2 protein chains.
Amino acid sequence: MKTNTQLKQILQSEGFRYTPQRQMVWNELRKMGGHHDCEEIYDELKSKGTRVSRATVYRTIDVLARNGMVRKLEVGDGIARYEAKEDEDHHDHMICLDTGDIIEFYDEELERLQEKIVEKHGYTLVKHVHQLFVKKK
Amino acid sequence: MKTNTQLKQILQSEGFRYTPQRQMVWNELRKMGGHHDCEEIYDELKSKGTRVSRATVYRTIDVLARNGMVRKLEVGDGIARYEAKEDEDHHDHMICLDTGDIIEFYDEELERLQEKIVEKHGYTLVKHVHQLFVKKK
DNA sequence: TTCTTTATTGAGAATGAGTCTCATAAGAGT
DNA sequence: ACTCTTATGAGACTCATTCTCAATAAAGAA
Ligand SMILES: [Mn+2]
Ligand SMILES: [Mn+2]
Ligand SMILES: [Zn+2]
Ligand SMILES: [Zn+2]
């Protein structure tokens, strides 16, 4: 569980300022849990009376993503979604085409295989996108 | 190699009309080879003096994609790219973060593993997106 | 071939997620 | 408290993609 102090340290170590807006966006996304877009975060904050502008939500989410606090997820509907990265391990996503549900999965062997393939081509793996679009059986 | 007659059959079997514009978009994408966005297809057609509107390129590409003639590829820059699906087998993509190059790869075991994981969760795999973002070693 | 029906097209307007501008506010170091 | 610089808010703006609608042309019938 990342504390606000840790958020402060991470931001400041990169030359970013530790502002109340950034705290609010970060804490809100953590509290919400799951995968959410900027508009949802903005609405949630607004409904609580806190004043964080839409632009700041977008900017903050971007800062957090660049610093590994948050993960960006694009499922193909043109809306970027984000999830707070606590201490949890890496995982990929299954998206149910019936319900829109996002199920997380992790497979050791799958991760290894990707590395192997990339190496075979003379490259280094920086990141990957792996999404399985499924239907209920 | 898909012939124009095959294009006609596929379109008409789905109730779509076999129009010169659709032939031009399809043949142009095939001729170009590789992964291209709608603007590139539009420009290419325009440079050859053929008159196909931008809207029609977008609409046609969508029709072709829905009918398995074309594959959509989103690499995260907000521009959808497409590639003609001839008779070639399935493949996924490595995107070089240095050059923007798109390298195709296929791994039997990887494909099998995905199926296994999805089944384990009680779902059926409909499609998947697997992109490896890499850097030159 | 001509007629009818209905999908398609072109041109440009509209959409909308995300970005940018700029004047004002406020972190952080001294 | 002062200074320097980054962050914020409000709204304008971007730009890929979609939509509108009048005009056009496939496809099937006769
Ligand atoms: Mn997740
Ligand atoms: Mn390809
Ligand atoms: Zn993974
Ligand atoms: Zn694959």
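Throughout, a chain's letter reflects where its sequence line sits, starting with A, and its residues are numbered from 1. Keep in mind that this is a model prediction, so the values were computed, not measured.
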J.: What's the shortest heavy-atom distance between B:Asp107 and A:Ile117, and which atoms?
T.: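 That closest heavy-atom pairing would be CB-CD1, 3.6 Å.
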
J.: Flag the pair B:Glu14 and B:Arg66 as a salt bridge only when some basic side-chain nitrogen lies within less than 4.0 angstrom of an acidic carboxylate oxygen.
T.: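 Not counted as a salt bridge, because no side-chain N and carboxylate O are separated by less than 4.0 Å.
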
J.: How is A:Arg22 classified with respect to the nucleic acid when contacts are heavy atoms under 4.0 Å: base, sugar-phosphate, or nothing?
T.: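 Result for A:Arg22 = sugar-phosphate.
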
J.: Measure across B:Leu29 and B:Ala84 and return the closest heavy-atom pair with its distance rounded to 0.1 Å.
T.: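 Nearest heavy atoms, B:Leu29 then B:Ala84: CD2-N, 3.7 Å.
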
J.: Side chain of B:Thr56, backbone of B:Val52: donor and acceptor closer than 3.5 Å?
T.: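 Checked: no pair found.
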
J.: Could you tell me the separation between the CG atom of B:Asp37 and the P atom of D:dT17, rounded to a whole number of Å?
T.: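 So the two atoms are 7 Å apart, to the nearest Å.
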
J.: Rounded to whole angstroms, how far apart are OH on B:Tyr42 and P on C:dT9?
T.: 14 Å

J.: Need to verify one output field. Residue with the more 5' nearest nucleotide on DNA chain C, B:Gly15 or B:Arg51?
T.: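 Looking at DNA chain C, the more 5' nearest nucleotide goes with B:Gly15.
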
J.: Which pairs of donor and acceptor atoms, one on a side chain in residues 126-133 of chain B, lie under 3.5 Å apart (sequence neighbours left out)?
T.:
unit_1: B:His128; atom_1: NE2; unit_2: B:His90; atom_2: NE2; d: 3.1
unit_1: B:His128; atom_1: NE2; unit_2: B:Asp92; atom_2: OD1; d: 3.4
unit_1: B:His128; atom_1: NE2; unit_2: B:Asp92; atom_2: OD2; d: 3.4
unit_1: B:His130; atom_1: NE2; unit_2: A:Gln114; atom_2: OE1; d: 2.9
unit_1: B:Gln131; atom_1: NE2; unit_2: B:Glu74; atom_2: O; d: 2.9

J.: Listing request: all salt bridge (charged side-chain N to carboxylate O under 4.0 Å, His left out) pairs with a residue in residues 41-51 of chain A, at least two apart in sequence or in separate chains.
T.: A:Glu28-A:Lys48

J.: Show your working on side chain to side chain contact (heavy atoms under 4.5 Å, CB included) between B:Val25 and B:Leu45 and close with a plain yes or no.
T.: CA-CA 8 Å; B:Val25 170; B:Leu45 287 172; 4.1 Å; yes

J.: Can you find a side-chain donor-acceptor pair between B:Tyr18 and B:Gln23 that sits under 3.5 Å?
T.: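 Yes - a donor-acceptor pair under 3.5 Å links their side chains.
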
J.: What is the separation between atom CD on B:Glu40 and atom P on D:dT17, rounded to the nearest whole Å?
T.: 11 Å

J.: Rounded to the nearest 0.5 Å, how far does CG of A:Asp62 lie from OH of A:Tyr82?
T.: 7.0 Å

J.: Do you know which two heavy atoms are closest between B:Glu83 and B:Gly34, and how far apart they sit?
T.: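 Between these two residues, the closest heavy atoms are CB-O, 3.4 Å.
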
J.: Using the C1' atoms of the five pairs at each end, what is the angle between the end axes of the helix from C:dT1-D:dA30 to C:dT30-D:dA1, to 10°?
T.: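 Its terminal axes enclose an angle near 40°.
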
J.: How far apart are the closest heavy atoms of B:Tyr123 and A:Cys96, and which atoms are they?
T.: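 For B:Tyr123 versus A:Cys96, the nearest heavy atoms are CE2-SG, 3.9 Å.
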
J.: B:Met24 has an atom CE; how far is it from atom C1' of C:dG10, in whole Å?
T.: 14 Å

J.: How many Å lie between CZ on B:Arg66 and P on C:dA7, as a whole number?
T.: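 After rounding, the reported distance stands at 16 Å.
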
J.: So with a 6.0 Å cut-off around NZ of B:Lys116, is the heavy-atom count from everything else above 12?
T.: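 Open: at most 12 neighbouring heavy atoms sit under 6.0 Å from NZ of B:Lys116.
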
J.: Answer with base, sugar-phosphate or nothing: what part of the nucleic acid does B:Arg59 contact at a heavy-atom distance below 4.0 Å?
T.: base

J.: At under 4.0 Å between heavy atoms, which parts of nucleotides 24-30 of chain C does protein reach? Answer with one letter per nucleotide, 5' to 3': B base, S sugar-phosphate only, - none.
T.: --BBS--

J.: Set out, line by line, the N/O atom pairs under 3.5 Å between protein and nucleotides 15-17 of chain C.
T.:
unit_1: C:dA17; atom_1: O3'; unit_2: A:Gly78; atom_2: O; d: 3.4

J.: I'd like a table of atom pairs between the protein and nucleotides 11-13 of chain D - only N or O on both sides, under 3.5 Å - with the distance next to each one.
T.:
none

J.: Please give, in whole Å, the distance from D:dA16 C1' to B:Asp77 CG?
T.: 11 Å

J.: Apply side chain to side chain contact (heavy atoms under 4.5 Å, CB included) to residues B:Lys8 and B:Asn4 and explain how you reach the verdict.
T.: CA-CA 6 Å; B:Lys8 182 175 183 182; B:Asn4 280 38; over 6 Å; no

J.: Nearest-Å distance, NZ (A:Lys72) to C1' (C:dT19)?
T.: 12 Å

J.: Hey, is the side chain of B:Ser53 poking within less than 4.0 Å of OP1 or OP2 on C:dT9, counting only N and O atoms?
T.: no

J.: Can we say B:Lys135 and B:Asp98 salt-bridge, meaning some charged N sits less than 4.0 Å from an Asp/Glu carboxylate O?
T.: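 Salt bridge: yes.
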
J.: Measure from CG on B:Leu45 to C1' on C:dT9 and round the result to the nearest Å.
T.: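 That distance rounds to 14 Å.
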
